Amino acid sequence: SNAVRLLLCNVYEGGPEPVFKKAELVRMPIRLGEDAFRFRRISEEKKNQLAKTMKAFKLLMDVFGAIDYRACATAAMREAENNLEVIRYVKQQSGVEIEIIDGKTEAQIIYSNHIAEHLAHDQSYLYIDVGGGSTELTLFAEGHIAASQSFNIGTIRLLHDQVSKETWGYFKDWIREKTKAHQPLTAIGSGGNINKIFKMADRKENKPLLFSKIQETYYFLKEFTVEERITTLGLNPDRADVIVPAAKIFLAVMKTAEIDKILVPQIGLSDGIIHLL
């Protein structure tokens, strides 16, 4: 809904487990959500941008020698009334077949990153994936998924005041209800924004990020205009505006679930797609 990504990966299958090595990640901030969440359709301009991007991605896949691919569209395309027309056009222009996945499938793909295998089985975790159009929450207890839900709360929606009080209320009620029997909880975060907040907080890999540190970063970033975040803090233009609403979502989830620390493994939907393939 915010950016379209191409992840190229090498998979080595010689050992007991496949080894995944990221070769290249290309990111295009097309922001399909700006159209879809406000006007319920993808404009001609964005449709053409998407088709050109997919054409470029297809050429990169061919040069790379990719043996398989899967292209998944999330919240923005789920909500666009002309989504099938856009998909047909992109296929005709680029040869890339896009599949629109629902929120539940999105959560399952993210889960297929084998996160659960690296978690302590006697502890509970809440996985939080924040995107431009939706937030996926997955609760792990005793090494299994205890609950999973997708919510129409995302960074692009917040930027354009597209999240109602009722949606926030339902979101928080779900979190309270599902997490109360699984305390204490640790959060796991994914998405470009939490990765950036993690780097800004100067945390070492595999070390958790504290709620207080995210809050501190949130208030720090709010002191700057979007332009200042780009010129003074060196953020990318398409990160500078969405990072604050993203921090707000992470803080809301952690506060509601009474979580004081979050792990940031720096993986997401595209990594999950590779694992499934």
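For the numbers below, each heavy atom of this structure counts, side chains included, while hydrogens, waters and symmetry mates do not. Treat the numbers as computed from the prediction; the structure is a model and nothing was measured.
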Tell me yes or no: between the side chains of Ser134 and Glu136, is some donor less than 3.5 Å from an acceptor?
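Note: Ser134 and Glu136 side chains meet the donor-acceptor criterion.
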Once rounded to the nearest 0.5 Å, what's the spacing between atom [atom1] of [X] and atom [atom2] of [Y]?
| X | Y | atom1 | atom2 | result |
| --- | --- | --- | --- | --- |
| Leu126 | Ile262 | CG | CD1 | 8.5 Å |
| Glu106 | Ser148 | CD | OG | 10.0 Å |
| Tyr170 | Ile153 | OH | CD1 | 10.5 Å |
| Gln49 | Met54 | CD | CE | 12.0 Å |

Going by atom type alone, with no hydrogens or angles, which donor-acceptor pairs under 3.5 Å involve a side-chain atom of residues 208-218 and a protein atom two or more places apart or on another chain?
unit_1	atom_1	unit_2	atom_2	d
Lys213	NZ	Glu216	OE2	3.2
Thr217	OG1	Lys213	O	2.8

Filter on salt bridge (Lys or Arg N to Asp or Glu O under 4.0 Å), then keep only pairs touching residues 174-185, sequence neighbours left out; what's left?
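Output for this query lists Asp173-Arg176.
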Can you tell if the side chain of [X] reaches within under 4.5 Å of the side chain of [Y], non-hydrogen atoms only?
| X | Y | result |
| --- | --- | --- |
| Arg229 | Val244 | yes |
| Met77 | Ile42 | yes |
| Val163 | Asn152 | no |
| Leu137 | Phe171 | yes |
| Pro265 | Ile188 | yes |
| Val96 | Tyr69 | yes |
| Leu7 | Ile273 | no |
| Thr186 | Leu263 | yes |

Considering all heavy atoms, the nearest [X]-[Y] contact:
| X | Y | value |
| --- | --- | --- |
| Phe37 | Ser1 | CZ-OG, 3.7 Å |
| Ile175 | Ala257 | CG2-CB, 3.6 Å |
| Thr138 | Ala107 | OG1-CB, 4.1 Å |
| Gln183 | Glu258 | OE1-O, 4.0 Å |
| Lys172 | Thr256 | O-CG2, 3.5 Å |
| Ile230 | Pro237 | CD1-CA, 3.7 Å |

With a 4.5 Å cut-off on side-chain heavy-atom distances among I, L, V, M, F, W and Y, is there a chain of contacts connecting Leu32 to Leu159?
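No.
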Do you reckon Phe198 sits in the same ILVMFWY cluster as Phe220, going by side-chain contacts under 4.5 Å, direct or chained?
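Yes; tracing contacts between hydrophobic side chains, which count when under 4.5 Å, links both residues.
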With Glu79, the salt bridge (charged side-chain N to carboxylate O under 4.0 Å, His left out) member among Arg41, Arg157, Arg38
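The option that passes is Arg157.
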Can you list, pair by pair, the side-chain donor-acceptor contacts under 3.5 Å of residues 86-93, counting residues two or more places apart and other chains?
unit_1	atom_1	unit_2	atom_2	d
Tyr89	OH	Asn48	OD1	2.8
Lys91	NZ	Glu97	OE1	3.2

Using 30° and 60° as the class boundaries, would you call the ring planes of His275 and Phe20 parallel, tilted or perpendicular?
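If you compare the ring of His275 with that of Phe20, the planes turn out parallel.
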